[in-house]
Amino acid sequence: MSRFKVVVTDFLTEPLDREREILGDLADVVALGALSEDEVVGQVADADAVLLYHLISLTEKSISTMSNCRLIVRAGVGYDNVDWRFARERGIDVCNVPDYGTEDVADSAIGLMLSLTRGIHYHNSRQRRSLGEWGYTAYPKVPRLRGRTFGVIGLGRIGTAAALRAKALGMNVAFYDPYVRDGTDKAIGVKRAESLEALLGQTYVLSPHCPLTPDTKHIVNDATISRLPEGAYVVNTSRGGVMDVNAVLRGIESGHLAGAGIDVLETEPPTGSEAFIRAWRDPEHPAHDRIIVNPHCAFYCEEGLTEMRVKAVENVARVLRGEVARNKVN
Ligand code: NAD
């Protein structure tokens, strides 16, 4: 039997030791190391399966050239960088790796929240600039976290893991997620908000954990921020497009928001000319000490990276052996 061909489009390069170990005699594997979709076109025509990481998108342009492909695995959770609808039309299954970082992203969301709400980031940022006024009195009053509400948009895997962590800190947890069935709230002891507005009105720390879809694009915007109580915080470890960071900046500048912890941006990496990024970097800007920005690393730990890589290629091997794909999203 001739060997199948598996193409890794981006991010991973040689040595592809783990992939070869798992695929064995089943398939040859090549890495393109592409930084744009154009570099993929012409390289995937004979691929039986494609492994896509996060540095590029696969659209009709490259998917239409795949004449053998059975499966595209998005090695990661979010699959907004692959046109899964078009892949479906072409008979190609698209799968993700939904669980490699569930706990890690939840830990990061809670870490951002604690750094902001306990004043840890503010004090570190301010005192590093100037040793004068050594102490906490220059910081606006810090309310106790216990008893305050952690507001989750999207009670899926990560939203639930974050909710359970916030509960362990003594917080109340409320969520808005129209797709979650009744009873989940009771099973994990959180409160369902019947509308986004109802969630916002009671939330001290707002943490979206939904995918980026037309419905969730800028779900955190000027209007939603204005419905949060004064002094609220926002953290975003979901997708950059879910939160309008210009609105967040306006919220901080006006004093309505107390701070923001941002792991994901609409343009990654940022160009540096964005107003939000300029405020974060400029020590003279009043929002400077109130913003944390991380380079889309909420998921990152060594074990998680390995799990993502192994589970992605295990699914490819499964399908090439004629078994049913796991975690199909289309
Ligand atoms: P999930 O699919 O388990 O959960 C998403 C939840 O959002 C679901 O319960 C769904 O019903 C809900 N949802 C969908 N549309 C909604 C809407 N309009 N309003 C409210 N809720 C809505 O996904 P997950 O694994 O928990 O991932 C959550 C997010 O985290 C995704 O955006 C994913 O891309 C992102 N993520 C980020 C990182 C990182 O490093 N920053 C890593 C992994 C995942």
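Numbering of ligands and ligand atoms starts at 1, following listing order. Keep in mind that the numbers below use all heavy atoms, side chains included, and drop hydrogens, waters and symmetry copies.
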Test of understanding: given a 4.0 Å heavy-atom threshold, classify the contact between [X] and ligand 1 as side chain, backbone, both, or neither.
| X | answer |
| --- | --- |
| Tyr100 | side chain |
| Tyr176 | both |
| Leu155 | backbone |
| Asp263 | side chain |

| task | Answer yes or no: is there a side-chain heavy-atom contact under 4.5 Å between Lys328 and Asn96? | result | no

| query | Counting heavy atoms not belonging to Glu103, are there more than 12 under 6.0 Å from its CD? | reply | no

Which option out of [options] puts a heavy atom nearest to [atom]?
| atom | options | value |
| --- | --- | --- |
| atom 24 (P) of ligand 1 | Arg239, His54, Arg157 | Arg157 |
| atom 19 (N) of ligand 1 | Pro211, Pro178, Ser108 | Pro178 |
| atom 37 (C) of ligand 1 | Thr237, Val77, Val242, Val105 | Thr237 |
| atom 36 (N) of ligand 1 | Gly159, Gly154, Ser238 | Ser238 |

| remark: On a heavy-atom basis, the closest approach of Ala193 and Gln202 is CB-NE2, 4.3 Å

| task | With sequence neighbours excluded, give me every ring pair (Phe, Tyr, Trp, His ring centres under 6.0 Å) pair touching residues 303-330. | result | none

| message | By the ring pair (Phe, Tyr, Trp, His ring centres under 6.0 Å) test, which pairs, at least two apart or in different chains, include something from residues 217-252? | response | Tyr204-Tyr233

| task | Report the relative orientation of the aromatic rings in Phe11 and His54; use parallel for angles under 30°, tilted for 30 to 60°, perpendicular for over 60°. | result | tilted

| Taking 4.0 angstrom as the limit, do Asp222 and Arg250 come out as a salt bridge? | yes

| remark: of all protein heavy atoms, closest to atom 10 (C) of ligand 1 is Asp177 OD2, 3.4 Å

